[in-house]
K.L.:
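Take this structure first; my questions come after.
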Amino acid sequence: MTIAEAENIPASEASSHSVSNQQLVCDVAGLQVGEVVVGQASSKLVTITNRGRTSLTVLSAASTGAEFGLNGLDLPLTLAAGASYTFSVTFAPEKSGRVGGSISIVSESPKQTLTILLSGTGRATGQLEVAPAAIDFGDGSVGSATTQTGQLTARIANVTVSSATISSEEFRFGGLSLPFTIPAGHSVPFTITFVPGDSRSSSAILSFASDAKNSLTEQAVTIRRVDPVQHKVQLSWKASTSKNILGYNVYRGTRSSGPYKKINTVLDPNTRFTDLTVAAGHKYYYVATAVNSRKRESADSKQIQVVIP
């Protein structure tokens, strides 16, 4: 029987635990709590039964081993004939390795001591390291993707990484299938790919959630956004002849006839607009609309096409 199986030894199967002459018995002779991370706690239920024909009184109960504790056993406790009582045993390891102990339960009428063997294993908490502490992509151009690599290392004990999140959609995590476990002392590589988009993010935080002591583990990711050639599209249109016009919206798409996405952040009272978020080698389609004082928006203007060299 190994601790990792986290099974209990039935009293009827324990060769060292004779119950033939005992009135107070336990459903297990040996309680195996299993593997618990150092600094955390786990509990198991234990049931004692008066199998005699008369009532008995449980006077005291004590556990050996500082890592084991009893909960929910209020003494003195009187058990009628055939009655049972359930309490919990808590295992809170202070160091890694196997730990043994026992519970001694003293009762009277008749006088007897019931001993329950205890065992559990403390598992050390791992430490997750990420290298480098920060990934710098250097100069990044609009429309060009680039990839950098990083490394995760487990120290002290095995570490299971459950998730990886990055704070910008323009940076993508890859190279590993989640969740995964890193053996103690081993490292695994991962990739971060910069895929420039409309948000023009220049930095992000990559966060790893794990069962390590230092979860969350974070890594900074930065890039300097540089356009080799700054392109722009200058648009102009005739003012609307409708009454009470407050301003105009400008829409852009990458396909003729749409769909379009509004690219001005606020209603523009002018009849001119400059689009600075265009990339070389792309084709764009623009329309404009007028908005009146009642917030009513006109139909789309005639579409124009612009090709960026």
Side-chain angles (χ1 to χ4, degrees), residues 4 6 33-43 67 90-97 99 120-228 230 261 263 265 276-279:
V33 183
E35 190 176 73
V36 180
V37 174
V38 173
Q40 299 183 12
S42 179
S43 297
E67 290 91 344
T90 300
F91 175 51
E94 299 175 353
K95 59 183 179 180
S96 61
V99 179
T121 300
R123 179 169 66 86
T125 306
Q127 188 87 3
L128 183 64
E129 295 180 359
V130 58
I135 290 180
D136 186 358
F137 279 83
D139 294 342
S141 300
V142 171
S144 62
T146 183
T147 298
Q148 296 272 14
T149 59
Q151 180 175 272
L152 290 171
T153 302
R155 303 294 186 190
I156 304 174
N158 297 352
V159 173
T160 297
V161 179
S162 55
S163 67
T165 57
I166 196 160
S167 60
S168 170
E169 294 181 353
E170 293 190 319
F171 297 93
R172 299 176 186 175
F173 173 81
L176 293 170
S177 180
L178 295 161
F180 58 89
T181 298
I182 309 173
H186 288 71
S187 300
V188 294
F190 63 88
T191 61
I192 295 293
T193 300
F194 170 66
V195 182
D198 292 337
S199 68
R200 300 188 65 82
S201 297
S202 59
S203 64
I205 297 296
L206 174 61
S207 301
F208 295 97
S210 69
D211 61 357
K213 186 177 182 180
N214 59 323
S215 186
L216 294 167
T217 305
E218 296 183 338
Q219 180 184 57
V221 182
T222 59
I223 190 168
R224 291 180 293 278
R225 301 293 294 267
V226 177
D227 295 342
Q230 180 65 54
K261 180 180 179 181
I263 57 175
T265 56
L276 297 174
T277 60
V278 292

K.L.:
Would you compute the distance between atom OG1 of T165 and atom CD1 of I205 and round it to the nearest 0.5 angstrom?
P.N.:
10.5 Å
K.L.:
Using a 3.5 Å distance criterion without hydrogens, assess whether the side chain of Q127 forms a donor-acceptor pair with backbone atoms of A212.
P.N.:
no
K.L.:
Step by step, would you call L128 with I182 a side chain to side chain contact (heavy atoms under 4.5 Å, CB included)?
P.N.:
CA-CA 9 Å; L128 183 64; I182 309 173; 4.0 Å; yes
K.L.:
Could you report the tightest heavy-atom contact between A164 and L178, atom names first, then the distance?
P.N.:
N-CD1, 3.6 Å
K.L.:
Assess whether side chain to side chain contact (heavy atoms under 4.5 Å, CB included) is satisfied between F173 and I192, documenting all intermediate values.
P.N.:
CA-CA 5 Å; F173 173 81; I192 295 293; 4.1 Å; yes
K.L.:
Under the side chain to side chain contact (heavy atoms under 4.5 Å, CB included) criterion, do D211 and V37 qualify, and how do the steps go?
P.N.:
CA-CA 10 Å; D211 61 357; V37 174; over 6 Å; no
K.L.:
Quick one: CZ on F190 to CD on Q148, what's the gap to the nearest 0.5 Å?
P.N.:
10.5 Å
K.L.:
For the residue pair G122 and V38, what are the closest heavy atoms and their distance?
P.N.:
C-CG2, 4.2 Å
K.L.:
If you look at every heavy atom in P183 and A154, which pair is closest and at what distance?
P.N.:
O-CB, 3.6 Å
K.L.:
Which atom names give the shortest non-hydrogen contact between L176 and L152, and what distance separates them?
P.N.:
CD1-CD1, 4.5 Å
K.L.:
Quick one: closest heavy-atom pair of A92 and A41, and the distance?
P.N.:
CB-CB, 4.0 Å
K.L.:
Compare every heavy atom of S187 with every heavy atom of T153, then report the nearest pair and how far apart it is.
P.N.:
OG1-OG, 2.6 Å
K.L.:
Relative to the ring of F194, is the ring of F171 parallel (under 30°), tilted (30 to 60°) or perpendicular (over 60°)?
P.N.:
tilted
